[in-house]
Amino acid sequence: MESYVERAPVGALAGVVRTVWIQRTGAAAYVQRHLPTGGVELHFPIGGRPHLLGPLTAAEIEVIPAHTTVVGVRFQPGTAPPLPTVLDDLVDQRIGLADLWRGTADRLAEAMALAGTPERALAILQTHLVQAFRSTESDRLVHAAVQALMPWQPVNIDALAGHLALSTSQLRRRCLQSVGMTPKVLQRTLRFQGFLALFQAGAAASGRRGADGTAGLAIDAGYADQAHLSRECLRLTGLTPREFLGANADRCSCDHDHSASYRSYLASRPVPELARFVQEPEGRKLVVSGA
């Protein structure tokens, strides 16, 4: 039976990991469309060779063999496990973890293969990551930028850089190193992830501008209109919204559970009066409110 179930990470990883998952393929190979999320992913096929999926700027297609179990971890943008290079060097790449972690990757994969169940294998992987992050520091300014670029409030990149006491070029450089993409590309990626979270959660559109259904969710996620969503969906997924959402709905109706992912994403939506980063209509000033 083919299945995909996401869950929240252990508490010690909550600040760096968006979600963890266990995926099982059935009697046939499974065509997986990996989407840009702004973060990197670790994929551990049980009994196979693990790899890292770098930050994506477009969809990546993977064919997972039949009767395969994969344990995975999706990191928040701006966070990643210890790596010997900056994330800008790993964009749109799938790299064997042994090439990055050497013997550590093989030992970890072997321990997970001997764990007995995917759940125990996932526990072993998370324990390893908790220990690894004890000696890892992330860029706090990039973390603040990532939070500001979430889709729920419009933010001007130049104004954001000034708020963080950085030049626009400095913010761009630090995002490339720590995220693997520019602030603008990250903003577009997070906006689509916000729309997808609303769709997967079955959220009702707010009704702003008289829009409802998919068009309303697009506006709630920060798109100008449905045409704007259509262009970005094609760019990021390789499919039109009708094609992508139809396939997504079909998969989620047969043992696909994305709730841990979209719940954590939607939890970042601020209460309007407490929003911290707001772009004023008449200019580019970034204001802080509710502090």
Side-chain angles (χ1 to χ4, degrees), residues 9 12-20 34-43 50-58 60 72-97 99-101 104-105 125-126 128-153 155-194 197 222 236 261 264-265 267-268 276-277 286:
L13 293 175
V16 295
V17 170
R18 176 177 169 187
T19 185
V20 299
H34 297 291
L35 301 181
T37 65
V40 304
E41 297 183 1
L42 295 180
H43 298 176
H51 56 266
L52 178 140
L53 187 63
L56 297 179
T57 59
E60 196 237 28
V73 177
R74 179 174 301 123
F75 290 85
Q76 301 278 10
T79 67
L83 297 170
T85 185
V86 294
L87 289 186
D88 192 23
D89 293 335
L90 304 178
V91 173
D92 294 325
Q93 294 190 48
R94 177 182 296 273
I95 302 173
L97 204 53
D99 295 333
L100 300 170
W101 286 359
T104 300
L125 176 55
Q126 292 193 86
H128 173 82
L129 292 175
V130 169
Q131 295 172 346
F133 272 98
R134 287 175 179 167
S135 58
T136 301
E137 292 186 7
S138 59
D139 189 322
R140 294 184 179 181
L141 287 181
V142 170
H143 175 75
V146 170
Q147 298 306 305
L149 292 171
M150 293 295 284
W152 318 121
Q153 296 289 342
V155 176
N156 176 273
I157 303 300
D158 291 341
L160 173 60
H163 180 78
L164 297 175
L166 297 172
S167 68
T168 302
S169 61
Q170 287 174 325
L171 177 60
R172 175 187 173 90
R173 175 177 56 81
R174 290 171 74 154
C175 280
L176 284 171
Q177 291 177 340
S178 298
V179 182
M181 58 190 69
T182 66
K184 191 64 178 178
V185 173
L186 176 62
Q187 186 178 46
R188 293 165 66 179
T189 301
L190 295 177
R191 182 167 52 207
F192 186 75
Q193 284 291 305
L236 295 171
S261 181
S264 66
Y265 211 85
S268 69
R276 298 184 61 203
F277 297 95
L286 194 72

- Task: Determine whether Ser138 and Val16 make a side-chain contact, defined as any pair of heavy atoms from C-beta on separated by less than 4.5 Å.
- Result: no

- Query: Quick one: are Glu41 and Leu52 in side-chain contact, heavy atoms under 4.5 Å?
  - Reply: no

- Nearest heavy atoms of Leu87 and Ser178, plus distance in Å: CD1-O, 3.1 Å

- Item | Validation row: Leu56, Thr37 side chains within 4.5 angstrom (heavy atoms) | no

- Just wondering, do His34 and His43 contact through their side chains at under 4.5 Å, heavy atoms? yes

- Could you tell me whether the side chain of Phe75 reaches within less than 4.5 Å of the side chain of Thr19, counting heavy atoms only? no

- Item | Test item: side-chain donor near acceptor, Ser261 and Arg18, under 3.5 Å | yes

- Message: Checking Arg140 now: which residues fulfil side chain to side chain contact (heavy atoms under 4.5 Å, CB included) with it, not counting sequence neighbours?
- Response: none

- Query: Which pairs pass side-chain hydrogen bond (donor to acceptor under 3.5 Å, both in side chains) with one or both residues in residues 82-92, sequence neighbours excluded?
  - Reply: Thr57-Asp92, Thr85-Asp89

- Task: Any salt bridge (charged side-chain N to carboxylate O under 4.0 Å, His left out) involving residues 178-189? Give me the pairs, sequence neighbours left out, ordered by first then second residue.
- Result: Arg188-Glu232

- Query: Closest heavy-atom contact between Gly38 and Val179?
  - Reply: O-CG1, 3.6 Å

- Contacts satisfying salt bridge (charged side-chain N to carboxylate O under 4.0 Å, His left out) that involve residues 165-174 (not counting sequence neighbours) are Asp139-Arg174

- Task: Classify the ring geometry between Trp101 and His128 as parallel (under 30°), tilted (30 to 60°) or perpendicular (over 60°).
- Result: tilted

- Those residues at least two apart in sequence (or on a different chain) that pass side chain to side chain contact (heavy atoms under 4.5 Å, CB included) with Pro9 are Leu13, Val17, Val20, Gln126

- Taking C-beta and beyond as the side chain, do Gln187 and Val155 meet within less than 4.5 Å on heavy atoms? yes

- Residues in side chain to side chain contact (heavy atoms under 4.5 Å, CB included) with His143, at least two apart? Gln147

- Task: Answer yes or no: is there a side-chain heavy-atom contact under 4.5 Å between Val40 and Leu90?
- Result: no

